[in-house]
Structure formats: C-alpha cells, structure tokens
Q: 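Quick one: this structure, given as structure tokens, is what I'll be asking you about.
Every chain is numbered from 1 and lettered A, B, ... according to where its sequence line falls, protein lines coming before strand lines. Atoms considered below: every heavy atom in the structure, side chains included; atoms not considered: hydrogens, waters and symmetry mates.
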Amino acid sequence: MGRFYITTPIYYVNDAPHVGHAYTTLNADALARWHRLNGDETLFLTGTDEHGQKVADAAAKHDMTPQAWTDRTSARFREAWDALEVSYDDFIRTTEPRHYESVQKFLGAIYENGYIYKGVYQGLYCVSCEDYYTVEASDHGNCPIHGRPLTEMEEENWFFRLSAFEDRLIEYYDAHPGFVTPETKRNEAYAFIKGGLRDISITRTSIAWGVPVPWDERHVFYVWYDALINYLTAIGYGRDDDRVAAWWPSSHHLIGKEIIRFHCVWWPAMCLAAGLEPPSHVQVHGWLLVGGQKLSKTMAAEGGVKLTDIAPVTLTEEFGVDPLRYYLLRETALGNDGEFSYEGITQRYNTDLANNLGNLVARVATVVGSKCAGVAPAPDPRSELAAIAASTVETAASAWEHFAPHAALEATWGLIGATNAYLERHAPWKMAPGEPVDRVLGDALEVIRLVAVLVSPAMPGVARELWRRLGLAGSPTDELAHESLVWGRYPGGIAIEKGEPLFPRINEAR
RNA sequence: GGGGCCGUAGCUCAGUGGUUAGAGCAGGGGACUCAUAAUCCCUCGGUCGUGGGUUCGAUCCCCACCGGCCCUACCA
C-alpha cells in the first residue's frame, strides 16, 4: 500500500467539455479507482485553466468579468465529470487564491535561483494565438494556424533559462527509464532535448488576465507557465511543505500527446530550477480519431466531424454512462491513437456487454431460479474456474499497475468467456436439482462477484448493480482487492435477483 | 525547412532477429435451447506498404521510395 497521485491536464475553459477531455479524465478516474481499491492513499486531481487573453476576450464579449465568466464555464466541466461518475478528489481552478500563491512562490524560487532574466522578445506575432512565430514556422509570413498576417513586434519579457537544463534533463531521463511512458513518447521527448533547448519567454505585459509577476508588477505570467504549476498547488506547494513531500514522489501526470513538450521538457526543467525533483511519471496517451459513418453523417455539416464536436452527454443518453466509460477504456490502448466511432461503441456494447456479460448474468439467474428456487448456491473451492480467475486477477492487476486499462478489461472478459464455456460444458439446466447443479451455478455466481469487483474502476454503476443482484450487502469496493479478489468469497444461501437485462441489445443499424 | 510516428487477416489492433505470424469482431459450418435471435465448438482468411541492403536467416535491423498522420515551442 502506498500513495497514488494522478492528474489530468487542466482544461481550457473556453472549450466545451468533449469526448477528448472525457477520454483523459475517465482513464485517470479508472486508475484512481483501482488504486483506492488496493488501499493506496489516492489523490485524483483535475480542473480548469482560466487565464489568458482569449478568456478575457470571451468574457468581454458576454459583457462579464473574466472571473464571472470562468465561474460559469468552469462549472460545465464539473457538471460533465459528475455526470460521468468521475471521482476526482480535488478540482482546481487557476483563478483560485491558493494557485496564485503557489505560482508566485514557485516562480519566485526559480527567479531567486537565477534562472529567470529580462530580455527583449522580437518576432512575428499572431494576435489570435497571442504568440510569436519564427520565420521558418510561419506560413510565408502568415500565422500557420489562423492564416492571418503576422505583425512584427517587440516586447520586453522575462525569460526562463531552459537552455541551462539540457544536461540535467538528460541525466534525469537516463536515471529514470520509466519517467515517460510509453517508450516511443519518451524517445520523442528525449530526442527533442538532445536537439538543444532555447530559452522561453514566460511573461506578458500586453495581457492583464493572469497571475502577476511578484517582482515586476507590469507583467503577468504567460498561461502555460502558471498552468503547469497547478499540480503543485493542489498538494500545497508554498503552503504545506510536508504535504508536498508526501505526495510529489507519487505523482503521475496523464496527458495527451500534443502536450508532451510542456510536460516532458519544460515542466521537469522548471521543477529542477525551483529546486524540486521532477514529477515521477508522465503517462502519454494518443488521440481518438473520429471514424465510421454515423458520426460523420449526422454530425458534420461540412467537412469532417471533429471529436471536439461531440459532447459526452449525448453519448450517455444513448448508451448509458457505464457503457461509454467501458468503450473508451477498452477500445484503445493508452498511448496509442484510437478510433472513435458510433459503430465501434455499438459493437462493443452488443458483444462485450450485452452478449457476454449481460447474458451470462441473465442465464445464471434464470437457472438458479428454476433449479435452486432462486437461492444462490456457494461456489466450489476447487472449481476449475478458480485457477482461471486467479490468473485473470493477476493479469488485470498488473495491467492496471502499468496504466493499461484496456488490458485489464480484456483479461476480465477472458474470464467471462471461460465461464460461458464452463456452463455450456456442464449444462446445469439439463441436470436434476442437487449438489452438482449447485456447484456449477455457485461457481458462475462467484465469477460474477469477481467481475463486479474487477470492472468497478471502469463501470462503477454496473459493479454496484451486479453486487445488488447477487444479494450481497454493501458495495463491491468495500473490501480491498486483496481480500475481495480471492476465489470462494461468495457465501451463497442468499436470494438473488433476476432483474431486467443489464444491457438491452441495441438492434438496427441506425 | 527541421523532427517524429504509422502502414500486419474484410475491420480494429497485438507481436517477435530464427521451426507452421496471433486476438477480438465480421464471414462459413456445426452443437445447444438456461439465456438479451444470446452461448459453445470448429473453420475460412495475411507475398506482415514497395524496392534494395546487412545476415546462415528479417515482418522485426539499415537505406530509399510510396501512402496516411503528428509536432515545430498554448486545442484531451
């Protein structure tokens, strides 16, 4: 038993919560739930990034103060996560006083350590991006993102001496092989560092909506530099050193591949500059790409649908919260790009959830009803399923430890499949009531109990419902995994509930 | 311009310097009828993008090319 501190990126409030945000957040949630189940002291942090010119502009457009505006837009994320049963322990907003305090202390420490200096930034500026581009990065003098002409500008800025950390970053990477996973992403970051680092400008005078620079009131910190520090704010940086010391060594950042630079290069360098160890682990995930006919047809007016156009709620209305969670976790290995499609989620729902798990529960309940008068028998301690269950638990546990929810679920469905086959072989529905029937059905019920616990990080609602139908008191997460994920704990002798189909099949090819 | 990733069965993806390259789904056949027209068993199916090279031997290593994609310093 240890500690597990997992974070998502903080989401930019101007975006509406979409499936991409949900993908990251739900993976973090499942990992957090697994670790709690194992008795680890767990801290799961998410939140919103609320500074920058774009936020100030959006607020002005709605005739609101930036604070009032972000109060509203930040709440959308909380609501989305609550609807998806995301069990965050802390929701941080970069506009909170605690964050201002930590940012100023953290960057103040870097300043005092001599890694921040004043310079003049000269370059081609894009007003929409609020950023500069080099001539090479520009599109013939136009912004590569917005296509607008870039203007030549000069601004006095404070710079972070990133270039001073090349060697120390390389050393850190060499000494911590698991710092960034998967390995291909680690190599990407490593190669970038080896390629040479330039100093980066970290303040702005042209913007007011940000954290003031403590030693130069005319400046505010540029959004990214304040945003990263949220991971430390939440554990009390600058306010509670003991808490930082307790949690920071167990930190895991879950991020999308587009922000590798910030998390795998800048952020560890910033930590070193402030006199702190870098975070212990960054887990990078890939992107969900929209595929399939359904989404493209119905949701794209013109051009392709973007994942960012899809709100998680519209999917939960159609499939339910747990099936959506299952699909996002099961379909794609964390770290790889994956495909997100209407057809894909429908297929996962029908095959894995309805046909395999849901049908297993239904058929077992029916036979218990007809052969055991609805009273559950106990499992056989020496059942052939016991060994399969044990290896399933081992595989799943190892997968969760390695940030591989899809593998944990895959293993669990292997056990479900073995149990369906086991029933086929013994055909309890053909046997006369008695001890042999009881053994077979008790074994199947025990598998369902184990499955309830095993799927609880991914599908907490389904886990609770399975538990209830089995006639068990409390919830599947009341006991720690090492106690509950052991063959033979199902007591039997209790009335079970048949209930409606857990996952009614989705027919028709919509 | 620079850097990187990917291309393996109809689909989504695993995988390893060495005997017959795997899974799930889809397809085909059979069994069963407890169950959500579900389940179980068997089965079809791949010149591992193309062309070279290294090697006793490459899908896996190197080079080039073709095709798709990403990053280039604020969109999960």
Q: Any side-chain N or O of A/Arg505 less than 4.0 Å from the OP1 or OP2 oxygen of B/rA38?
A: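 True: A/Arg505 side-chain N/O within range (under 4.0 Å) of B/rA38 OP1/OP2.
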Q: Tell me whether the OP1 or OP2 atom of B/rU39 has a side-chain N or O from A/Asn355 closer than 4.0 Å.
A: yes
Q: What is the nucleic acid contact for A/Asn356, judged by heavy atoms within less than 4.0 Å: base, sugar-phosphate only, or nothing?
A: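 Sugar-phosphate, backbone atoms only, no base.
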Q: Find the partner of B/rA23: check Watson-Crick (N1-N3 plus N6-O4 or O6-N4) and G-U wobble (N1-O2, O6-N3) distances, both under 3.5 Å, and reply none if neither fits.
A: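 Matched B/rA23 with B/rU12 under the 3.5 Å cut-off.
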Q: B/rU72, B/rU36, B/rA14: which one has an atom nearest the side-chain heavy atoms of A/Asn336?
A: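 The listed nucleotide nearest to A/Asn336's side chain is B/rA14.
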Q: Rounded to the nearest angstrom, tell me the gap between atom OH in A/Tyr190 and atom P in B/rG4.
A: 15 Å
Q: What contact category does A/Trp266 fall into here, base, sugar-phosphate, or nothing, at under 4.0 angstrom with non-hydrogen atoms?
A: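 Base contact.
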Q: Over 60° means perpendicular and under 30° means parallel, so classify the ring planes of A/Phe503 and A/Tyr349, tilted if in between.
A: perpendicular
Q: Under 3.5 Å for both donor-acceptor distances, Watson-Crick or wobble: does B/rA64 have a partner, and if so which one?
A: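 Pairing partner: B/rU50.
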Q: What is the base-pairing partner of B/rC40, counting Watson-Crick and G-U wobble geometry with both distances under 3.5 Å?
A: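 Check on B/rC40: paired to B/rG30, both distances under 3.5 Å.
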Q: Any chance the rings of A/Phe165 and A/Tyr115 have centres within less than 6.0 Å?
A: yes
Q: Could you check which of B/rC41, B/rC25, B/rA35 has an atom nearest any side-chain atom of A/Gln347?
A: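 Selected nucleotide (nearest to the side chain): B/rC25.
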Q: From the set B/rU39, B/rC75, B/rU72, return the single nucleotide nearest to any side-chain atom of A/Arg261.
A: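 Nucleotide nearest to A/Arg261's side chain: B/rU72.
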Q: Using the side-chain heavy atoms of A/Glu258, tell me which of these nucleotides is nearest: B/rC75, B/rU33, B/rA35.
A: B/rC75
Q: According to the interplanar angle, ranging from 0 to 90°, do the rings of A/Trp266 and A/Tyr225 count as parallel (below 30°), tilted (30 to 60°) or perpendicular (above 60°)?
A: parallel
Q: Under 4.0 angstrom, heavy atoms only, what part of the nucleic acid is A/Ala362 near: base, sugar-phosphate, or nothing?
A: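 Counting heavy atoms under 4.0 Å across all strands, the contact made by A/Ala362 includes a base.
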Q: Name the pairing partner of B/rG45, where a pair is Watson-Crick or G-U wobble with both distances under 3.5 Å, or state none.
A: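 WC or wobble partner does not exist here.
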Q: Suppose you measure atom C1' in B/rG45 against the same atom in B/rA26; what distance do you get, rounded to whole Å?
A: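 Their C1' atoms lie roughly 11 Å apart.
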Q: Run A/Arg78 and A/Asp82 through salt bridge (Lys or Arg N to Asp or Glu O under 4.0 Å) and show every step you take.
A: CA-CA 6 Å; A/Arg78 244 184 222 270; A/Asp82 290 344; over 6 Å; no
Q: Does B/rC69 pair with anything, Watson-Crick or G-U wobble, both distances under 3.5 Å, and if so, with which nucleotide?
A: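 Partner of B/rC69: B/rG4.
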Q: Of all the choices, B/rA73, B/rU12, B/rC34, which nucleotide is nearest to the side chain of A/Trp429 once you look at every atom?
A: B/rC34
Q: When both hydrogen-bonding distances must be under 3.5 Å and the geometry is Watson-Crick or G-U wobble, what is B/rA58 paired with, if anything?
A: none
Q: Side chain of A/Leu502 only, please: which of B/rC34, B/rG24, B/rU36 is the nearest?
A: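 Per side-chain heavy atoms of A/Leu502, the pick is B/rU36.
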